[in-house]
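Only one structure is covered here, and it is reproduced in the block below.
These numbers come from a predicted model, not from an experiment. Numbering of residues begins at 1 and proceeds along the displayed sequence. Only heavy atoms go into these numbers, but all of them, side chains included; no hydrogens, no water, no symmetry mates.
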Amino acid sequence: MHSGKFVSEPIPLNLGSKERGFDRADIEVYGIDQSGASFEGRVFLNNTEATLKTPLTAGHGYAGSFHVYGYGIWPADAVADKAATPEASEGIRAPITKTLIATEAVRRAAAKGNEARVTVVPVVPGNPPRDAGDAFKLEGVRIIVH
């Protein structure tokens, strides 16, 4: 489980027999907690320094975004004594998976090496957008090549 910006360990790019001519590649973000606030997850490949101010361009490793529509505060949290059960508010309670089709981004990463690092920057949309790190918890990411 992580909160704030997520940066994966290097993930092997298992391209299969078609090499970089594969049909499709997905970045799967799993175990995302939707029990908090809503946010956008901006996904970058091989840009571990990405922030909410990083341009959303291929040159900066941008692969795409997903959105989480959060539940907000759970009713039990409003009445629970957090001092007695601090772990109650820290775990992932409503895990979901988001799949981002990222074929071209994965091809660009594969052209530079046989593994990639995924960075997910959580953002609360608005003017100006703001960091959603407090709302962001997940279990991990994987890259799936079809």
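- Considering all non-hydrogen atoms of both residues, A116 and S8 come closest at O-OG, 4.4 Å.
- Note that the CD atom of E28 and the OG1 atom of T97 stand 5.5 Å from one another [nearest 0.5 Å].
- Applying the salt bridge (Lys or Arg N to Asp or Glu O under 4.0 Å) definition to pairs two or more places apart or across chains, those involving residues 38-47 are E40-R42.
- Heavy atoms only, all atoms of each residue included: T54 and E49 are closest at OG1-O, 4.4 Å.
- Under the 4.5 Å side-chain criterion, counting only non-hydrogen atoms from C-beta, F39 is in contact with F66.
- Annotation: the span from L45 atom CG to R107 atom CZ amounts to 13.5 Å, rounded to 0.5 Å.
- Grouping Ile, Leu, Val, Met, Phe, Trp and Tyr by side-chain contacts under 4.5 Å, direct or through others, puts Y62 with F44, L52, L56, V121, V123.
- Counting only residues at least two apart or in different chains, side-chain hydrogen bond (donor to acceptor under 3.5 Å, both in side chains) contacts with residues 112-125 are absent.
- The environment of CZ in R142 is crowded: more than 12 heavy-atom neighbours from other residues, nucleotides or ligands sit within 6.0 Å.
- The distance from atom OG of S35 to atom CD1 of I92, rounded to the nearest 0.5 Å, is 8.5 Å.
- Looking at K5, its side chain does come within 3.5 Å of a backbone N or O of T48 through a donor-acceptor pair.
- Heavy atoms only, all atoms of each residue included: A94 and D33 are closest at N-OD1, 3.4 Å.
- Considering all non-hydrogen atoms of both residues, Y30 and V141 come closest at CE2-N, 3.4 Å.
- Annotation: side chain of V145 is not in contact with side chain of N14 (no heavy-atom distance under 4.5 Å).
- Taking both residues in full, the closest heavy atoms of S38 and V124 are given as O-CG2, 4.2 Å, listed atom of the first, atom of the second, then distance.
- A search for side chain to side chain contact (heavy atoms under 4.5 Å, CB included) contacts involving S17 returns nothing, not counting sequence neighbours.
- Side-chain contact between I144 and T99 is absent, with no heavy-atom pair separated by less than 4.5 Å.
- Shown here are the salt bridge (charged side-chain N to carboxylate O under 4.0 Å, His left out) partners of K53, two or more places apart in sequence or in another chain: there are none.
- Atom OG1 of residue T103 and atom CZ of residue R108 lie 10.5 Å apart, to the nearest 0.5 angstrom.
- In terms of heavy-atom proximity, V120 sits nearest to G41 at CG1-CA, 4.1 Å.
- With sequence neighbours excluded, the residues satisfying side chain to side chain contact (heavy atoms under 4.5 Å, CB included) with I96 are I32, Q34, V68, K98.
- Taking the side chain as every heavy atom from C-beta outward, V29 and L100 never approach each other to under 4.5 Å.
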